[in-house]
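All remarks here apply to the structure that follows.
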2 protein chains.
Amino acid sequence: MKVHDHQLQVPGLRMTKQRKEVYRALMENQDHPSASELFDQMQDTESPMSLATVYNCLEAFVEHGAVKQVNIDREPSRYCQNSTPHAHFHEQETGTIHDINFKPGTSLSDILDLPEGTEISNLEITLKGKLPQ
Amino acid sequence: MKVHDHQLQVPGLRMTKQRKEVYRALMENQDHPSASELFDQMQDTESPMSLATVYNCLEAFVEHGAVKQVNIDREPSRYCQNSTPHAHFHEQETGTIHDINFKPGTSLSDILDLPEGTEISNLEITLKGKLPQ
DNA sequence: GTCTTTTTTAGAATAATTCTAAGTTTATTG
DNA sequence: CAATAAACTTAGAATTATTCTAAAAAAGAC
């Protein structure tokens, strides 16, 4: 069994060789690549694939909750291997995207004036600005 | 002086008749229209205008901080007359977008694990789900 | 009024994403 | 295993929100 093989599974999803490669690329990189950046990476693997397939794979992962799709402004979607709830910080100077975790024990309803009984199925928090150096 | 005329000003921005109409439409409606919805509305006014102009006007308002551009998923941008910091709730069944205010005295840094000294220039919070009837 | 800058405009261009329809792979069933 | 069905991949076309272009119109400055 190769290193990392145990990670290359998404429950309920058939893992074709294309999906494995896309998933591996996402898991191994800490940045937030776009579909076309992933497509470029895929050309150097054992299973180069079409851009449509990259999109198809990503869509399947997102639908299965294994990957998060990150939309900032009208820029191309980016994809995030961290599927737990978290926020994104978009550093203005570099364009880098950082994951920001919630403080333990807190939740959005601590600061938002939401009616009682609101059911949240999805949330996206994006900050833009400058991180200290 | 007509009703509402006093509102039709954006500091630092020349108010052409096209901009006045777009701004009025945004201020008078509580929904979050897209550029093309605004374009349609503009056809019934005294100064029907091109779609490019609607986009130009909106861009100017957003740059001047008078209007907020709301991006949800990859849907067309929507525009929000509420330029103060707030969140957006996207009701799944109807597609309606509601403004959600912050609880007084709270801020995002109450719940997010941000490094000290972080400068936030912009934030976007979008929730999706169901509001109680 | 003349000059300069800004704005508007129609239409073309761009680009991320989705669609289509055919081919390929994988799973299932007898 | 062979046959069939279902799911996946693919190249290329289509879609579509938005931006760009270059020329005309409007507004402001002098």
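By the side-chain contact (heavy atoms from CB on, under 4.5 Å) test, A:Lys130 pairs with A:Glu93, B:Glu119, sequence neighbours left out. With sequence neighbours excluded, no residue forms a side-chain hydrogen bond (donor to acceptor under 3.5 Å, both in side chains) with A:Glu59.
The OH atom of A:Tyr23 sits 16 Å away from the P atom of D:dC8 (whole-angstrom rounding). Regarding A:Phe39, its CZ atom lies at a distance of 11 Å from the C1' atom of D:dT10, rounded to whole Å. Rounding to whole angstrom units, CD of residue B:Gln18 and P of C:dT8 are separated by 5 Å. Atom P of nucleotide D:dC8 and atom NZ of A:Lys20 are separated by 14 Å, given to the nearest angstrom. Remark: C1' of C:dA16 and CG of A:Leu38 are 14 Å apart, rounded to the nearest angstrom. The nearest whole Å value for the distance from the CD atom in A:Glu63 to the P atom in C:dT18 is 11 Å. In this entry the distance linking CG of A:Asn56 with P of C:dT20 reads 13 Å, nearest Å. Atom-to-atom, CE of B:Met42 to P of C:dA10 comes out at 15 Å; the value is rounded to the nearest Å.
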Practice prompt. Let me have a per-nucleotide readout for nucleotides 11-30 of chain D, 5' to 3', with B, S or -, counting only protein heavy atoms under 4.0 Å.
Written response: S-----SBBB------SS--
Worksheet item: Would A:Asp31 and A:Ile97 satisfy side-chain contact (heavy atoms from CB on, under 4.5 Å), going step by step from the backbone distance to the final call?
Response: CA-CA 7 Å; A:Asp31 55 0; A:Ile97 295 172; over 6 Å; no
Discussion item. Evaluate A:Lys128 against A:Asp73 for salt bridge (Lys or Arg N to Asp or Glu O under 4.0 Å), listing each step before the verdict.
Written reply: CA-CA 10 Å; A:Lys128 212 177 295 183; A:Asp73 299 339; 2.5 Å; yes
Practice prompt. Give the C-alpha distance, both sets of side-chain angles, the deciding distance and a yes or no for ring-ring contact (aromatic ring centres under 6.0 Å, His included) between B:His90 and B:His88.
Written response: CA-CA 6 Å; B:His90 186 231; B:His88 288 112; over 10 Å; no
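Shown here for A:Ser77 and A:Asn71, the closest heavy-atom pair between the two residues is OG-OD1, 2.5 Å.
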